[in-house]
Amino acid sequence: MAEKVGCFVCTGCKIGDAVDIEQVLSVANESGAVVAKSHEALCSKEGLDLIKSEIESNELGGVIIAACSQRDHVDTFRLPNVFVHRANMREQMAWTQPPQEEDTQMLAEDIIRMGFGKLQFTDIPQPEDVEVHNRILVVGGGVTGMSAALNAADAGKEVVIVEKEGELGGFANKLHKIFPKDLDLAAYPEPDVDALKEKVSGNDKITVEFNTTVASIAGAPAKFQVELKNGSGQKTINADSVVVAAGWKPYDATKLSHLGYGKPNVVTNVEFEQMAKDGKIARPSDGKEPESVLFVQCAGSRDDDHLPYCSNICCGATLKQITYLKDLNPEIAAYVVYKDIRAPGHYEEVYRQVQKQNAVMIKGEIEAVEEGDDGKLNVQATDVLMNEPVFVETDMVVLATGMVPTTLEEDVLNLAYRQGPELPEREYGFPNSHFVCFPYETQRTAIYAAGAVRMPMDLATCIDDAAGAAAKAVQSINLIEQGLAIHPRVGDASLPDFNLSRCTQCKRCTEECPFGALNEDEKGTPQPNPTRCRRCGVCMGACPERIVEFPDYNIQMISQQIKNMFVPDEFEEKPRVVCMVCENDAMAAIDMAAKNGLKLNPFVRIIPLRCLGSFNIIWVADALSNGIDGVLLLGCKSGDDYQCHFIKGSELCETRMGNVQDTLDRLMLESERLRLEHVAITDYKKIPEIFDSFLERLEELGPNPYKD
Amino acid sequence: MSEEPKVPIPELGGAVVETGGETLYQCMQCGLCTASCPWRLVEGDISRDFNTRKVQHMAMLGVEGYETEDILFACTTCGVCVERCPRECNPIDNMRVLRAMIGESGSVPQAYRPVIGSLNSNGNPWQGEAKDRTAWTKDMDVPSFGEDTEYLLFVCCTSCYDSRSKKIARAVASLLNKAGVSWGIIGEEEQCCGEAVRKVGSEETFMTLAEHNIKIFGEKGVKKIITTSPHCLYSFRNEYPELGGEFEVLHYTQLMDKLIEEGKLKPTKDFAKKVIFHDPCYLGRHNEVYEAPRNVIDSLPKAERVEMDRFGPDSICCGGGGGRIWMETPPGARFGDLRVSDAVAKKADVLATACPYCTIMIDASNMAMGKEEMEVLDIAEMLDQVT
Ligand code: SF4
Ligand code: SF4
Ligand code: SF4
């Protein structure tokens with residue numbers, strides 16, 4: 001806690017017009033400010049000079065900068081060796097309230113009081129340097145793994161590639177052609193697998209362990225102990241971060257008997273590729289060159305009984321394979337039965353070119369694939385473009401099966417983590433934890449997924465993907481070395497501190513930490529692994545004993561903000577609501593509302609949380625006993641299509657809410673005094689309505705009976 | 001859905017590609033052609049049954065079911081679909097080839113038999129005798145094309161034989177005289193350009209006509225041609241060169257525009273009317289002539305020019321192209337009605353066009369709809385009146 005606190009109120013950006021600044025300064029003085037001053041633009045050089053000189057002359061340990069949102073001027077107000085609290089007088093007050101009103105003044109004063117409450121329980125986090133090895137483990141030596149390794153080596157890191165086969169190249173080794181030839185697609189690079197292999201073997205920063213798998217990974221980022229296993233035994237290496245480039249497996253076609261798999265002349269696209277590579281495109285039943293081949297798209301894909309998703313590459317693969325046929329003999333008839341042809345980007349051109357080779361496209365569904373005379377297959381399908389059934393007699397059927405991440409079928413990491421040995425599976429079983437916003441991130445810190453293990457993709461995309469994941473792996477080492485968080489609180493120096501002498505071994509934190517940062521000893525006592533931690537505060541929200549705290553983020557700090565609010569007796573005119581908002585999205589939405597000129601209810605007091613997952617139910621008790629009429633929580637969307645930056649935070653908060661609401665009901669307190677809403681940044685227009693409707697409901701419920 | 005499955009025969013689709021339907025397999029079945037087709041703007045069986053996209057698809061599969069008059073022969077070759085197709089397909093070419101295949105199998109629609117017969121025996125589709133080809137010149141000073149003549153005026157068969165249409169030929173001839181252009185006609189020896197009969201699928205008749213004309217033009221030393229019809233313009237410009245007939249071809253509106261600009265033609269009398277211009281498909285979309293006819297209208301003193309709701313590349317067909325001029329189209333399904341309604345809504349006094357087919361089709365609609373207070377005129381007629 002800072003002994004001496006200074007308070008600086010900006011009067012720019014309309015703040016000065018909105019309220020009586022002298023009054024605000026006197027509240028700061030009453031709250032214990034050593035110095036309280038206003039300035040017309042704190043963000044200007046003069047403003048900053050003022051703050052700095054007051055810090056020096058008064059030996060301030062903490063400052064309250066009552067100005068714009070903490071999301072604005074982040075670097076401007078980063079001051080060394082003092083604890084800085086950004087009290088939001090602009091977005092939460094000046095821009096969203098009518099000027100010179102009593103309620104506006106009260107709000108401004110509360111914002112100051114709450115800041116002082118916070119400073120009573122915060123300290124500047126002191127990061128500790130971590131020793132690193134500057135070594136990255138790459139699991140998988142395919143095109144993705146090789147590309148990631150080369151990128152990381154270029155950035156000066158050592159790389160160990162673990163490849164389970166006896167050669168590099170992965171699935172690309174099985175491909176006949178990487179891309180249909182004779183296309184004028186000069187801008188599109190052709191990945192040359194051999195060239196990649198040469199570069200990797202010639203790079204002295206890269207070691208390749210062939211015929212090897214990962215037996216186990218113990219420890220934490222920068223302290224990973226990786227046990228490697230091969231025919232001749234085990235060995236241990238150290239690594240700081242990991243790129244998982246374990247690739248994909250074709251969907252198991254034996255489950256596709258309804259499409260004819262199992263009949264001799266029905267093959268998968270992978271089997272067909274092999275035929276082409278061997279130079280033997282022939283009917284398996286008799287080795288004859290086919291006169292016709294029918295390709296079945298989405299074979300088991302976009303099908304709820306098999307793979308519900310689109311694998312992205314199968315349409316392209318079929319188009320490519322048609323060129324094999326036409327190259328062999330242009331007279332071979334090629335039929336394609338498809339749901340949609342998905343030919344993104346340059347594949348549109350491939351689609352055109354292949355169509356011009358007279359591919360017969362039938363949009364519809366396969367009804368039956370049966371064996372006919374003379375080794376032929378009789379295919380019945382519907383054609384939605386004519387709304388009629390069609391019948392094709394063909395020599396071969398090729399099933400365009402989809403991609404399944406290797407990690408779904410094999411353990412590739414064997415992590416010694418309390419929460420399980422592999423990367424948690426997110427949507428459709430892929431380990432990608434933030435599909436849209438943060439590619440490569442998995443639910444394990446400093447372990448990044450790249451290539452087809454992350455989501456279905458083609459080779460060219462794999463190469464790009466590898467570069468991205470490698471960059472993350474490199475960046476993670478550099479941040480860890482300084483004791484800083486990697487993602488999404490990049491550069492955060494704080495770490496949770498567990499007062500274990502009071503731990504009851506309830507295991508809530510070890511279970512709930514979304515990132516598996518906490519291991520357990522035999523008794524169930526949490527064992528923190530600081531470099532795995534993302535500083536979300538979920539453990540702090542989970543702990544019923546309230547023994548988890550960060551130097552700059554903890555239970556008392558929030559409790560004290562609630563307690564510092566001035567709660568008038570007259571509910572009719574002045575109800576009070578505490579609104580705890582997720583700093584990542586909801587807080588931004590409020591700022592956006594302000595920037596767009598929307599007006600907000602004056603009775604709401606906003607407290608940012610690192611994540612709703614850090615919400616501790618004690619705060620509800622604090623609020624209600626302080627006479628506050630309701631508690632509103634704004635967080636990110638939970639569920640399968642979650643937007644929570646910490647993956648499970650808002651979901652966990654919902655569960656906890658349910659528990660508190662039960663308790664409230666038992667205490668004969670209306671559980672509706674507690675409400676949780678999901679908002680995305682783009683929902684900023686809804687904020688005023690969310691506030692107002694909550695206050696309307698509170699009005700119906702009447703004042704908090706604990707109000708004195 | 002019918003019970004009996006259709007069996008694709010890719011060889012048939014391949015045959016379409018080889019005989020001129022090159023873009024057949026390029027189609028991605030988006031349906032933009034069907035949605036853009038003017039048949040969607042009218043009612044009736046054809047509108048319901050004729051689906052451009054589906055014809056492409058069935059042809060590609062090589063299955064049957066689209067060969068009827070109401071489907072395969074519905075297309076007026078207006079070119080909207082060609083203009084809009086995102087895959088640069090040419091459904092007109094594809095359907096032309098399909099029509100030709102049907103023709104080869106002997107099942108030409110009844111309505112086209114006399115037309116093809118007349119073209120083969122008389123060199124025109126209108127049952128007129130070849131010697132009457134110049135009947136429109138009666139009492140006019142019309143020079144014959146000779147060694148020193150600069151322009152051949154090629155008059156569309158329709159304007160040679162149809163009494164309404166003859167006026168267009170006469171107006172063009174009169175203007176050429178007024179401007180002092182060196183021009184002449186060949187007359188009896190020339191034959192139909194063959195554009196429409198080719199669209200109907202009679203490739204053989206087209207070839208005979210085209211080869212005949214190219215030979216005659218060559219013998220007479222023709223270098224520059226003025227056409228009265230945009231259809232002849234299309235054929236001479238786009239189809240004859242492949243057969244060895246290279247000429248500089250202009251639609252008369254293009255020449256008139258030039259002559260007015262050069263001051264060789266001087267419209268002096270007032271044409272104080274509100275004029276709305278209908279872009280003929282073959283002048284606009286097929287030959288991309290949009291400015292010249294408008295410039296000519298704008299040169300008419302006191303004329304006020306307005307545009308239809310759909311004009312330029314979006315113009316709606318009159319219904320007479322692709323051989324449809326010889327087919328009976330039931331009331332309610334005539335595209336000409338759409339043009340008349342549009343012009344009437346804009347309170348036009350004159351619906352102007354520059355194609356003999358458009359004049360016939362739109363005039364017929366105008367009369368059937370009882371809107372005679374609005375005149376349907378060819379631009380040549382208007383210009384000749386005031387020059
Ligand atoms: S702060 Fe978050 S990541 Fe770190 S231990 Fe706690 S719950 Fe886990
Ligand atoms: S617009 Fe072109 S691509 Fe689309 S269905 Fe018609 S012909 Fe095919
Ligand atoms: S050319 Fe005109 S009439 Fe023929 S299909 Fe295309 S849009 Fe329809």
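Reminder, nothing fancy here: chain letters follow the sequence lines and each chain counts from 1.
B:Gln56 does not touch chain A: none of its heavy atoms, backbone or side chain, sits under 4.5 Å away. There is no contact between A:Ala334 and chain B, counting heavy-atom distances below 4.5 Å. Only the side chain of B:Val17 comes within less than 4.5 Å of a heavy atom of chain A; its backbone N, CA, C and O stay farther away. When heavy atoms are compared at a cutoff of 4.5 Å, A:Glu348 approaches chain B by way of both its backbone and its side chain.
When A:Val360, A:Val392, A:Leu385 are compared by the number of non-hydrogen pairs under 4.5 Å with chain B, A:Leu385 comes out ahead. No other option in B:Met58, B:Glu22, B:Gln26 has as many heavy-atom pairs under 4.5 Å with chain A as B:Gln26. Of the listed residues (B:Pro8, B:Gly65, B:Gly13, B:Gly31), the greatest number of heavy-atom pairs within a distance under 4.5 Å of chain A belongs to B:Pro8.
B:Asp314 and B:Arg285 are not joined by a salt bridge, as no carboxylate oxygen comes within less than 4.0 angstrom of a charged side-chain nitrogen. No salt bridge links B:Arg310 with B:Asp279; every basic N to acidic carboxylate O contact stays at or beyond 4.0 Å. Using a cutoff of 4.0 Å between basic side-chain nitrogens and carboxylate oxygens, A:Glu273 and A:Lys277 are not scored as salt-bridged.
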Before giving the answer on side-chain contact (heavy atoms from CB on, under 4.5 Å), spell out for B:Met28 and A:Ile341 the whole-Å C-alpha distance, their side-chain angles and the decisive distance to 0.1 Å. CA-CA 9 Å; B:Met28 61 173 178; A:Ile341 291 296; over 6 Å; no
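Between A:Pro456 and A:Cys310, the shortest heavy-atom contact is CG-O, 4.0 Å.
More than 12 heavy atoms of other residues, nucleotides or ligands lie within 6.0 Å of CD in B:Glu69, so this atom counts as buried by the packing criterion.
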